[in-house]
Undergrad: 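First the structure, which I've put down as structure tokens, then a few questions once you've had a look.
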Amino acid sequence: MAFNPFEHHHHHDHDDDHEHDHDMLADPAQKSLADALRVSFAVLKLVMVILVILFFGSGVFVVDQGEVAIVTRFGDIVGTGEDRIVQPGKLHFALPYPIDQVIRIPTSVQQISLTETFWYAKDTETRSSQDLAGSMAQLNPLTIGSLITGDANIIHARFTINFEITDPVLFITNVADTTRTNKKFMTADAERLVRAAAEEGVVFAMAQVKADDMIRMQGTRFSVLAQPHAQTILDAMKSGIRITKLDMTKSSVPLHIERDYQVVTEAENQGATARLNAERQRQELLGGAAGEAHELLWNLIREYELATEARDTAAIARLDEQLRKAFTEQKLSKADGSIVAISGEAAAIISQAEADSSRIHSSALRDAENFNRLKAEYDVNPRIFLTRMWEATRERIMSHPDNEFFYVPPGQFRLFLNRSPEFLKEKERRDQKAAEEAKKGGAGGGGE
């Protein structure tokens, strides 16, 4: 029988064929799996190396301006002395968390405000003054902040506080929550402590000042007391924080008495204005009376009056000598030894008095000399002296231009009540001519 390849002449073991086919397929799969595993392990090694690098590289940090950093290792500060504080300006290294921890602390001056602690309720900003005055007849301490002053009055006030962290080590040791290392959280921790210390300082200082001084923003004593007291609290806690300024920015009386307070304030202002005007007028009057020396001269005259009332002869003599010297020299001495000139109306009166005194003295001397001369002539021949004197007197009367003479016949008597118009016209003409000549003479003298 011929062989037909398409005929099935013998029995095959189908299981053997299947295993043979499986072996043929298994070798490439295993090879591919092995290759994949090798690649995966290589990638894993690379990733692990990168993670290790990133892990250790995470310890590199930079400190920004306006802050410093402190590195803690398992909670303890790394370094000693000044080396414990990491300054800004270059790269720094720390072991990765949780081994090391970098705490950033702000060093710039921070500012907080006490806007509600000692002020009205929050809704007062949008309500009218009349409405507030009616609703705040009584202060509710649960909703309205206030302060009691040293004179037992109540006021409302707002404050600003500037502070800075000057000792970062003390700050993170005694104040800060080091589980939060961000600078923002450090600032929040400092603000809470400073706010509490400032509030106590404000209450302490306000209890020693007057309400009017604080309402008028004149509380210099308050500033002297409040800031040191708050700083003492922070220092006692070893906080490492220093308050640089604590100022009151706004103040107010309780709203239900604000209108009455304004009335009183206006009256006080008017009184102060009146006093200032009176003082200004006083200075003008006294300055015009005696110049810069008016105060000294007034005190001297007042002492003289008091000594006169007390009949203190020793004091009267002493003060009389001082006044005489002051009027003569027209100057006075201050307590520090400086000399002040007497000027103004007093100086003019003194000068006029001196001129009158000199004129009267000269006139008296001339009268005395003339009297002595006439007395000598009278002693030589009294009759001739009297005749000559009578003739001289009659001549002086008759020749005076202001005298008008009337001649009447003997035995007749006439009484003239008014001067004649002709005489008055002639007198007016003479006076006008004399005035013109005097004016010309004055103008000529000034030109020279």
Side-chain angles (χ1 to χ4, degrees), residues 284-291 293-294 297 300-301 304-305 308 316-317 319-332 341-448:
E284 290 177 355
L285 290 174
L286 293 178
H294 70 270
L297 187 59
L300 194 60
I301 293 174
Y304 183 83
E305 291 177 349
T308 303
I316 292 173
L319 294 169
D320 184 67
E321 177 61 23
Q322 291 181 10
L323 287 170
R324 185 197 63 76
K325 183 178 179 181
F327 293 149
T328 302
E329 299 178 354
Q330 295 191 25
K331 62 183 180 180
L332 287 168
I342 298 176
S343 59
E345 187 177 352
I349 293 174
I350 293 172
S351 298
Q352 183 64 42
E354 290 178 346
D356 292 344
S357 174
S358 177
R359 177 178 54 78
I360 292 172
H361 182 262
S362 299
S363 177
L365 288 177
R366 288 194 302 271
D367 290 344
E369 292 175 357
N370 190 40
F371 176 81
N372 291 330
R373 180 178 57 80
L374 294 176
K375 177 68 169 52
E377 294 178 1
Y378 177 82
D379 291 340
V380 172
N381 193 330
R383 178 179 292 275
I384 295 176
F385 174 81
L386 290 174
T387 302
R388 188 168 61 250
M389 290 297 296
W390 168 248
E391 291 178 352
T393 301
R394 184 175 59 183
E395 178 65 21
R396 187 167 61 254
I397 294 172
M398 298 293 291
S399 62
H400 198 281
D402 290 340
N403 294 335
E404 184 179 5
F405 299 94
F406 301 91
Y407 298 94
V408 296
Q412 296 183 13
F413 178 78
R414 296 181 182 179
L415 179 63
F416 293 91
L417 299 179
N418 296 317
R419 289 189 172 188
S420 65
E422 293 80 6
F423 180 82
L424 293 177
K425 289 180 180 180
E426 180 62 21
K427 183 177 184 305
E428 183 179 358
R429 185 188 64 78
R430 289 197 308 268
D431 293 342
Q432 184 177 1
K433 183 178 180 180
E436 291 176 353
E437 291 178 353
K439 185 176 181 179
K440 292 179 179 178
E448 295 176 1

Undergrad: Measure the spacing between NE2 of His361 and CG of Leu365 and express it to the nearest 0.5 Å.
TA: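 Here the interatomic distance stands at 4.5 Å.
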Undergrad: Under 6.0 Å from the CD atom of Glu284, do we count more than 12 heavy atoms belonging to anything else shown?
TA: yes
Undergrad: Could you check whether any side-chain heavy atom of Leu297 comes within less than 4.5 Å of a side-chain heavy atom of Phe327, counting everything from C-beta outward?
TA: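 When only atoms from C-beta onward are counted, Phe327 and Leu297 do touch, with a gap below 4.5 Å.
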Undergrad: To check you understand the geometry: which heavy-atom pair defines the closest contact between Ala293 and Leu332, and what is its length?
TA: O-CD1, 4.2 Å
Undergrad: Find the distance between CD1 (Ile349) and CD1 (Ile342) and round it off to the nearest 0.5 Å.
TA: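 Nearest 0.5 Å value for the CD1-CD1 distance: 11.5 Å.
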Undergrad: Could you measure the distance from the CH2 atom of Trp390 to the CD atom of Glu395? Nearest 0.5 Å is fine.
TA: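 Nearest 0.5 Å value for the CH2-CD distance: 12.5 Å.
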Undergrad: Measure across Thr328 and Glu354 and return the closest heavy-atom pair with its distance rounded to 0.1 Å.
TA: O-OE2, 3.8 Å
Undergrad: Check this for me: does any side-chain nitrogen of one of Glu321 and Lys325 sit under 4.0 Å from a carboxylate oxygen of the other?
TA: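 A salt bridge is absent here (no side-chain N lies under 4.0 Å from a carboxylate O).
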Undergrad: Quick test of your reading of the model: are Lys375 and Asp379 salt-bridged, counting only N-O distances below 4.0 Å?
TA: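 Judged by the 4.0 Å cut-off on N to carboxylate O distance, Lys375 and Asp379 do form a salt bridge.
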Undergrad: Has Asn370 got a side-chain atom pairing as donor or acceptor with Arg366's backbone, closer than 3.5 angstrom?
TA: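 Looks like no, no N/O pair under 3.5 Å.
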Undergrad: Is the CZ atom of Arg373 crowded by more than 12 outside heavy atoms at less than 6.0 Å?
TA: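 More than 12 heavy atoms, drawn from other residues, nucleotides or ligands, come within 6.0 Å of this atom.
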Undergrad: Just verifying a value: how many Å separate Asp367 CG and Leu374 CG, rounded to the nearest 0.5 Å?
TA: 10.5 Å
Undergrad: Which distance, rounded to the nearest 0.5 Å, do you find between the CZ of Arg324 and the CG of Asp320?
TA: 8.5 Å
Undergrad: Considering all heavy atoms of both residues, which atom of Ser343 and which atom of Gly291 are nearest to each other, and what is their separation?
TA: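 Heavy atoms only, the tightest pair is OG-CA, 3.2 Å.
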Undergrad: Would you find a donor on one side and an acceptor on the other, under 3.5 Å apart, between the side chain of Ser357 and the backbone of Ala353?
TA: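 No; judged by distance alone, with no hydrogens or angles, the pair does not exist.
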Undergrad: Looking only at atom types and distance, does a side-chain atom of Ser363 sit under 3.5 Å from a main-chain N or O of Arg359, one as donor and one as acceptor?
TA: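 Absent.
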Undergrad: Rounded to the nearest 0.5 Å, what's the gap from CD on Glu305 to CD1 on Ile316? Could you check?
TA: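 Nearest 0.5 Å value for the CD-CD1 distance: 11.5 Å.
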Undergrad: For Glu426, I'd like to know if atom CD has over 12 heavy atoms of other residues, nucleotides or ligands within 6.0 Å.
TA: yes
